[in-house]
Amino acid sequence: MSKTKKILLDEKDIPKQWYNIQADLPEPLEPPYNTRAGRPATPDDLEAIFPKEIVKQEVSTERFIDIPDEVRDAYKIWRPSPLVRAAGLEKFLDTPAKIYFKNEGVSPSGSHKSNSAIAQAFYNKAAGTKRIATETGAGQWGSALAMACEMFGIECVVYMVKVSFEQKPYRKSLMQVYGAQVFASPSDKTETGRQVLAKDPDNEGSLGIAISEAIEDVLNHKNAKYSLGSVLNHVALHQTIIGLEAKKQLEIAGDYPDIVVACLGGGSNFSGTAFPFVMDKLQGRKPALRAIAAEPSACPKLSKGVFEYDFGDNSGFTPALKMYTLGHTFMPGGIHAGGLRYHGASPLVSALVKHKAIESAVVKQRAVFEAAVTFARTEGILPAPESAHAIRIAMDEALKAKEEGKSKTILFNLSGHGHFDLSAYDNYLSGKMEDYDYPSDKVKEALCQLPKVNSRVES
Ligand SMILES: *Cc1c(COP(=O)(O)O)cnc(C)c1O
C-alpha cells in the first residue's frame with residue numbers, strides 16, 4: 001500500500017477562529033513601554049498608528065478570536081494549505097521518524113506573511129483606512145501587504161531598504177504588479193529621508209530608516225495607518241491559522257507531533273505554527289511536546305540574546321518591548337535568509353522561552369543550504385532560505401531518531417518558496433557561500449545601547 005502524500009482539507013474546514021496564546025501564558029506579558037513618556041504604552045499610544053480592532057487583539061487575553069468571513073473568503077485563494085508527508089526525505093535519510101511539513105509557500109506572495117497581511121488589510125478597511133504605509137527589507141512582507149491592500153481597495157506605500165531595492169528588483173516588481181507604490185529608502189518623500197540624503201546622498205538605507213519613513217508617512221497623511229509583518233501579538237495571532245489547520249490534518253493522518261519546528265525571524269511564523277500545539281503542552285495534555293525555533297548563527301537572539309526591554313527598530317522610534325534581543329543597533333551579517341536578520345524575538349515567543357515551554361536551536365548558513373538542496377531534490381520543492389533553517393533542524397532530529405532507533409513524528413513549517421532566492425542558491429552551488437559565526441563583540445557593543453526602562457510593571 002502506498003503512503004499518503006498530501007493531506008488536504010476542504011475550504012469549509014478553514015478554521016473559524018484564531019488561537020490567542022495570551023490566554024494560556026504562565027504569567028501575563030509585560031506591556032510595551034513608551035520611553036519618551038517614561039511609562040508603559042497605552043492602547044491610545046498604539047491607536048495613533050494602528051486601527052482599534054488590531055490594538056484590541058494586541059492586548060486581548062481571550063483564548064479564541066473569530067476570523068471575519070471576509071478574511072476567511074480571501075484565505076480561500078490558497079488555504080487550506082497542504083500538509084505533506086515528506087516520504088522522499090524520510091527515505092533519503094533512512095530514518096524511522098515520520099516527517100510532515102505544512103506548505104505555506106503556496107500563498108500568492110510565496111510565504112506565510114499573507115496570513116496576517118489579509119487580516120490587517122481587512123481591519124484597516126473596516127476602520128476607514130485609505131492608505132497603509134510599511135517598510136520592507138528583503139521584500140516578502142511588502143509583497144504580501146501589497147496584494148492584501150489591492151484586494152481590500154487600500155492604497156499601499158512601501159519603503160524598501162535601498163540596498164534590497166537595487167539587489168532584489170523582482171520583489172519590487174511583484175509589489176508594483178499588485179499596485180503598491182515602492183520607494184527606495186532613504187527617499188525624498190519624507191523629512192527623515194531628505195535629511196539622511198542631504199548628509200549622505202549614497203546612503204544604502206536600513207530597516208530603521210525605512211520604519212521612520214513609513215511612520216512619518218502615516219502621520220503626514222489623512223486616514224493613513226502603519227502595518228507590521230511580524231513580532232507583535234496580533235501578527236502571531238493571525239498566523240495560528242497554520243498550526244490550527246496542521247492539527248486538523250494530522251488528526252486525519254492519526255498523528256500528533258513529538259517535535260514542531262519553524263524558523264524564527266521576528267517570530268510570527270514560529271508562533272503560528274507552534275502555538276496551537278504549545279497550547280496542549282501549557283494545558284497539561286502534551287507535557288513532552290518539543291517546539292523548536294530555528295535561528296541563524298549570524299543572528300541568534302533566543303539562544304544568545306538577553307531578555308530585556310528593547311526597541312523594535314534600529315532607530316528607537318517604536319515603544320520598547322520586553323523580548324530576547326541582541327540590541328536594536330546590532331547589524332547581523334549579510335546572510336541570504338533576509339527574513340531572519342532581525343535583532344529581537346516576539347515578546348510572546350520570548351516569554352515562552354524564558355518559561356522553558358519552548359526551545360531554540362542555532363544553525364549555520366552552509367548546513368542550511370545543504371538541507372535546502374537535499375529537500376528540493378527529495379521533495380521537489382525549492383524552499384526559501386529562511387524555511388531551510390527549519391528543514392535543517394527537522395533533518396537533524398530525524399537522524400537523531402535513527403541513531404536512537406526510535407520512531408518520532410516531526411512537523412515543520414515550510415514558510416515560503418525560494419523562487420526569488422536563486423542568486424543565493426547560485427552562491428551556494430558555486431562554492432562561494434560563507435558561514436557566519438556568532439559575532440559576540442558586535443552584540444556586546446549593541447547591548448550597551450538598550451533603552452532605560454525604569455518603572456517595570458510587576459506582574
Ligand atoms: C519573513 C519570513 C520568515 C521570518 O518570519 P517571522 O514570522 O518574522 O519569524 C520566515 N520565512 C519566510 C519565507 C519569510 O518570508
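Atoms within each ligand, like the ligands themselves, are counted from 1 in listed order. Computed from a prediction, not measured in an experiment: that's the story for all the values here.
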Exercise for the section: Determine whether H417 and L382 make a side-chain contact, defined as any pair of heavy atoms from C-beta on separated by less than 4.5 Å. Expected result: no
Show every donor-acceptor pair shorter than 3.5 Å between a side-chain atom in residues 348-358 and any protein atom, with sequence neighbours excluded, or say none if there are none.
| unit_1 | atom_1 | unit_2 | atom_2 | d |
| --- | --- | --- | --- | --- |
| S350 | OG | Y324 | N | 2.9 |
| S350 | OG | A345 | O | 3.1 |
| S350 | OG | S346 | O | 3.0 |

Problem - Row check, Y438 ring normal vs K304 NZ/CZ: under 6.0 Å, within 45° - result: yes
Handout entry: Which residues share a salt bridge (charged side-chain N to carboxylate O under 4.0 Å, His left out) with D313, sequence neighbours left out
Key = none
Exercise for the section: Output all residues satisfying side chain to side chain donor-acceptor pair (under 3.5 Å) with S271, sequence neighbours left out; order by chain, then residue number. Expected result: none
Exercise for the section: Apply the salt bridge (charged side-chain N to carboxylate O under 4.0 Å, His left out) test between D255 and each candidate in K98, K248, K247, R85; give the one that qualifies. Expected result: K98
Could you give the N/O to N/O pairs under 3.5 Å linking ligand 1 and the protein, each with its distance?
| unit_1 | atom_1 | unit_2 | atom_2 | d |
| --- | --- | --- | --- | --- |
| ligand 1 | 7 (O) | H112 | NE2 | 3.3 |
| ligand 1 | 7 (O) | S230 | OG | 3.4 |
| ligand 1 | 7 (O) | S268 | N | 3.0 |
| ligand 1 | 7 (O) | S268 | OG | 2.5 |
| ligand 1 | 7 (O) | N269 | N | 2.8 |
| ligand 1 | 8 (O) | S230 | OG | 2.7 |
| ligand 1 | 8 (O) | G266 | N | 2.8 |
| ligand 1 | 9 (O) | G265 | N | 2.7 |
| ligand 1 | 9 (O) | G266 | N | 3.1 |
| ligand 1 | 9 (O) | G267 | N | 2.9 |
| ligand 1 | 11 (N) | S415 | OG | 2.7 |
| ligand 1 | 15 (O) | K113 | NZ | 2.7 |
| ligand 1 | 15 (O) | Q140 | NE2 | 3.2 |

